[in-house]
Amino acid sequence: MRGVFYLLLLCSSLVWARLDEPHKVEEPAYGEVAYLYLQGDYFAALTRAQMALERGEVQVHKPELQVLLGAMYSAYGMPEDAQQVFDSLLDSQVSDGVAQRAWIHLAGLYYRQGKYNQALATLEQQVGEQPPEALQEVFYSLRAKILMRLGRYEEAAESLDAFSENHPLNAYLRYNLAISWINGEHPSLGQEWLWKLANLPPGSAETNAIKDKAMLALAIYMLRSEQQDRALQLLSNARLEGPFSDISLLLYARALLLANQPGKALPVLQKLDQGSIQRATVQEAQLAIPYLYESLNNQKAARQAFETALDRFDKLDTYLVEVEAQIAGGEWFAEMVGSPRWSTAMDPVPAFLPQRVSSFPTFYEWFATAEFQQGWNQYHELMRQRNLLSLWQQKMPGLYTMLAAHERKHNTLRPEAKALLKDLAGQDFQGQMTRLERRFSEAVESQDPLPFATDREQKLWTAQQQAREHTQGWGQQARPDMVEKLDFYKGVLLWEMQQDIVPRQWDREREIKQIEGLLEENRLLRSRVLYATYRVDRLEVFQRELPELEAELSNLQKRGERLMRRQQYGLQASAYEQVTATRARLKRFSASAHEGLADLYHRALRERRGSPAPVEGQGLESLQIQP
């Protein structure tokens with residue numbers, strides 16, 4: 001499962017010829033998607049990529065972003081959407097590198113759909129046998145997986161040899177191929193590959209887990225091949241802290257028993273028996289211990305061990321009945337989910353915390369499966385969307401309040417605005433401005449200083465004109481010196497106005513331009529008021545769309561709840577199956593323990609009567625380990 005997930009992430013990272021390597025970012029939206037992806041916020045990266053493509057925010061990186069979108073659709077279990085994106089991209093004019101990446105993703109999609117022949121044909125016909133260096137890793141690993149599904153193991157091995165053996169994904173695929181060989185027609189070659197994996201240098205958790213699995217597979221093969229000594233030597237070096245420590249101890253105990261060393265096998269089983277009785281390996285150890293005591297002729301300890309096993313099996317079965325009821329009622333699932341700390345669409349999905357459930361040992365193997373992990377992530381993605389829809393629904397009353405406020409404001413201001421527009425329409429500002437500009441031009445052309453006079457000069461000029469009119473009305477009575485004096489004052493006034501007439505004209509010209517700017521602003525404001533006054537359809541649109549939006553949010557919320565319940569019920573059904581299988585195994589083990597205890601009492605009774613019965617090695621048969 002981890003290998004498949006790693007392959008999906010590797011395929012997505014190769015959209016940009018490796019996001020984790022330096023490369024040129026030419027558009028901010030593309031850089032934001034790359035950042036979210038590298039932070040592990042895959043859903044946020046997917047959402048941001050959709051927004052960038054919808055808004056036209058990317059042009060240079062548009063093909064790469066489309067390839068990423070299809071890859072993420074595929075990883076999120078949306079094959080139809082992914083294929084639609086890839087088909088659309090491949091129908092357009094894109095570079096060879098982008099096209100090859102798209103073909104590889106499409107082949108991976110066919111592989112996950114179980115269309116192995118179609119996936120292989122897509123790789124070989126559209127990409128060829130020599131892909132670009134940046135795509136070789138994902139190409140050869142995907143090709144190897146397809147060939148293994150088709151049973152063409154030799155070709156799969158050649159494909160795996162094409163990229164680094166030290167890569168965790170390569171090791172994962174080599175392990176699967178080795179298991180196929182060791183259980184098929186090439187056991188010696190399978191052993192060789194498993195030995196190589198077991199001898200890998202210690203590294204990451206994935207590498208160490210593959211090393212452990214390889215050692216266990218070798219040990220199982222050796223036990224089946226009656227090579228107990230080699231199996232013992234190999235299992236004695238197994239880790240006791242790794243994810244496969246339980247099965248390692250159980251295999252080690254079986255190897256000791258097959259090597260006729262029951263005294264050494266007993267402490268190994270006792271150590272294993274200290275774990276939770278919910279684990280299958282502990283249950284097998286619990287059943288094997290009394291048979292081991294019996295083989296050592298310790299009848300008292302065997303009887304006590306049988307009774308202990310029956311008691312623990314009975315208590316576990318009672319507990320599992322309670323777990324079944326909790327699963328059916330939803331309490332178990334609610335306890336496992338807990339209360340995630342996020343609530344919006346941009347927060348990452350919380351990691352699964354197994355300590356939340358007391359029944360974890362019953363399900364720990366199931367928790368590690370791809371089925372559970374995919375269901376878990378999909379449930380939380382749906383929860384994320386439900387929380388986002390709830391957040392939007394909480395904002396709906398505020399939107400209605402804003403709409404009502406705008407409607408009241410519109411109804412109040414609209415009559416006032418119409419009255420103002422009517423009043424402005426009779427002012428003829430533009431006509432007045434035209435006449436003012438004409439007067440200014442005429443004054444400049446005739447060099448008339450009067451239009452540029454100050455208020456004081458205008459008053460003096462008016463007074464002089466009035467005095468002149470009065471003197472003209474006096475006739476012969478007017479004194480000549482008075483007329484000359486008025487003419488003198490007129491000449492002095494004209495001289496004062498004309499000596500700086502050019503600066504005065506500049507000032508008036510600047511004022512006229514300012515008035516023109518105010519008139520333009522006035523026209524703009526009038527047009528806006530006029531538009532807002534006579535256009536009422538916007539409010540009508542909002543009044544119609546808000547209820548529709550509210551209904552759509554409600555429908556999406558209900559649909560999300562249904563999908564969440566379906567996802568929850570699917571996980572609960574699988575958990576119920578796990579409990580059912582565990583209870584069935586407990587019934588078999590309890591029956592074996594009852595039978596062993598009855599045989600023990602029967603032998604004890606026969607010994608008292610002087611006819612001992614032979615001891616049967618039933619405990620050895622309980623250790624049925626599968627690779």
Side-chain angles (χ1 to χ4, degrees), residues 28-29 32-33 35-36 39-58 69 72-73 76-78 80-81 84 330 333-334 336-350 375-417 528-571:
E32 186 178 355
V33 174
Y35 173 79
L36 291 170
Q39 292 295 312
D41 298 339
Y42 304 117
F43 187 82
L46 173 62
T47 305
R48 186 65 185 91
Q50 289 175 321
M51 292 171 58
L53 292 171
E54 180 69 23
R55 296 175 178 176
E57 298 179 49
V58 288
L69 189 62
M72 296 296 284
Y73 275 144
Y76 272 100
M78 303 167 67
E80 296 83 3
D81 300 85
Q84 182 178 359
F333 189 81
M336 183 178 68
V337 172
S339 300
R341 295 181 296 274
W342 46 264
S343 60
T344 68
M346 292 295 103
D347 299 321
V349 172
W376 174 261
N377 281 287
Q378 290 170 6
Y379 177 84
H380 280 80
E381 294 292 2
L382 290 169
M383 182 185 290
R384 180 205 312 275
Q385 294 304 307
R386 183 198 64 182
N387 293 341
L388 184 59
L389 291 171
S390 298
L391 185 63
W392 288 347
Q393 283 183 323
Q394 292 171 11
K395 295 180 179 180
M396 289 302 300
L399 294 177
Y400 277 111
T401 302
M402 290 176 58
L403 180 61
H406 280 289
E407 187 174 5
R408 288 194 300 270
K409 182 179 179 181
H410 184 82
N411 293 335
T412 302
L413 297 181
R414 186 183 178 193
E416 298 178 3
R528 290 175 59 183
V529 172
L530 186 66
Y531 178 80
T533 302
Y534 290 96
R535 185 182 178 188
V536 296
D537 57 327
R538 290 186 63 191
L539 286 176
E540 294 175 354
V541 169
F542 291 146
Q543 290 169 348
R544 182 178 66 255
E545 286 185 346
L546 277 182
E548 293 176 357
L549 177 60
E550 188 174 25
E552 184 66 21
L553 286 175
S554 178
N555 292 334
L556 289 173
Q557 188 83 345
K558 293 177 182 178
R559 181 187 177 192
E561 293 289 348
R562 289 195 300 270
L563 293 174
M564 285 183 64
R565 284 196 299 271
R566 185 172 66 182
Q567 198 68 41
Q568 175 182 344
Y569 294 158
L571 290 171

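FYI, side chains are in, hydrogens and waters are out, and symmetry mates aren't considered; it's all heavy atoms of this structure.
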* Asked: So do the side chains of Glu561 and Leu382 get within less than 4.5 Å of each other, counting heavy atoms only?
  -> no
* Sole residue of Glu550, Lys558, Gln557 in side chain to side chain contact (heavy atoms under 4.5 Å, CB included) with Ser554 -> Lys558
* Asked: Is any side-chain heavy atom of Glu57 closer than 4.5 Å to a side-chain heavy atom of Arg48?
  -> yes
* Structure fact -> CD of Gln543 to CD of Glu548, rounded to nearest 0.5 Å, is 12.5 Å
* Residue list, side-chain contact (heavy atoms from CB on, under 4.5 Å) with Leu571, at least two apart or on another chain -> Phe333, Trp366, Phe372
* **Worked verdict on His380 versus Val337 for side chain to side chain contact (heavy atoms under 4.5 Å, CB included)** => CA-CA 9 Å; His380 280 80; Val337 172; 4.2 Å; yes
* Heavy-atom check, side chain of Gln567 versus side chain of Trp376, under 4.5 Å -> no
* To do: Nearest 0.5 Å please: distance from the CG atom of Leu563 over to the CD atom of Gln568.
  => 12.5 Å
* To do: Quick one: closest heavy-atom pair of Leu549 and Met396, and the distance?
  => CD2-SD, 4.2 Å
* Do you know which two heavy atoms are closest between Phe542 and Pro547, and how far apart they sit? -> O-CD, 4.3 Å
* To do: Output the distance between atom CG (Leu399) and atom CH2 (Trp392), rounded to the nearest 0.5 Å.
  => 12.0 Å
* To do: Report the distance from atom CD of Glu552 to atom CZ of Arg559, rounding to the nearest 0.5 Å.
  => 9.5 Å
* To do: Give me the one residue out of Met564, Arg565, Arg566 that meets side chain to side chain contact (heavy atoms under 4.5 Å, CB included) with Arg562.
  => Arg565
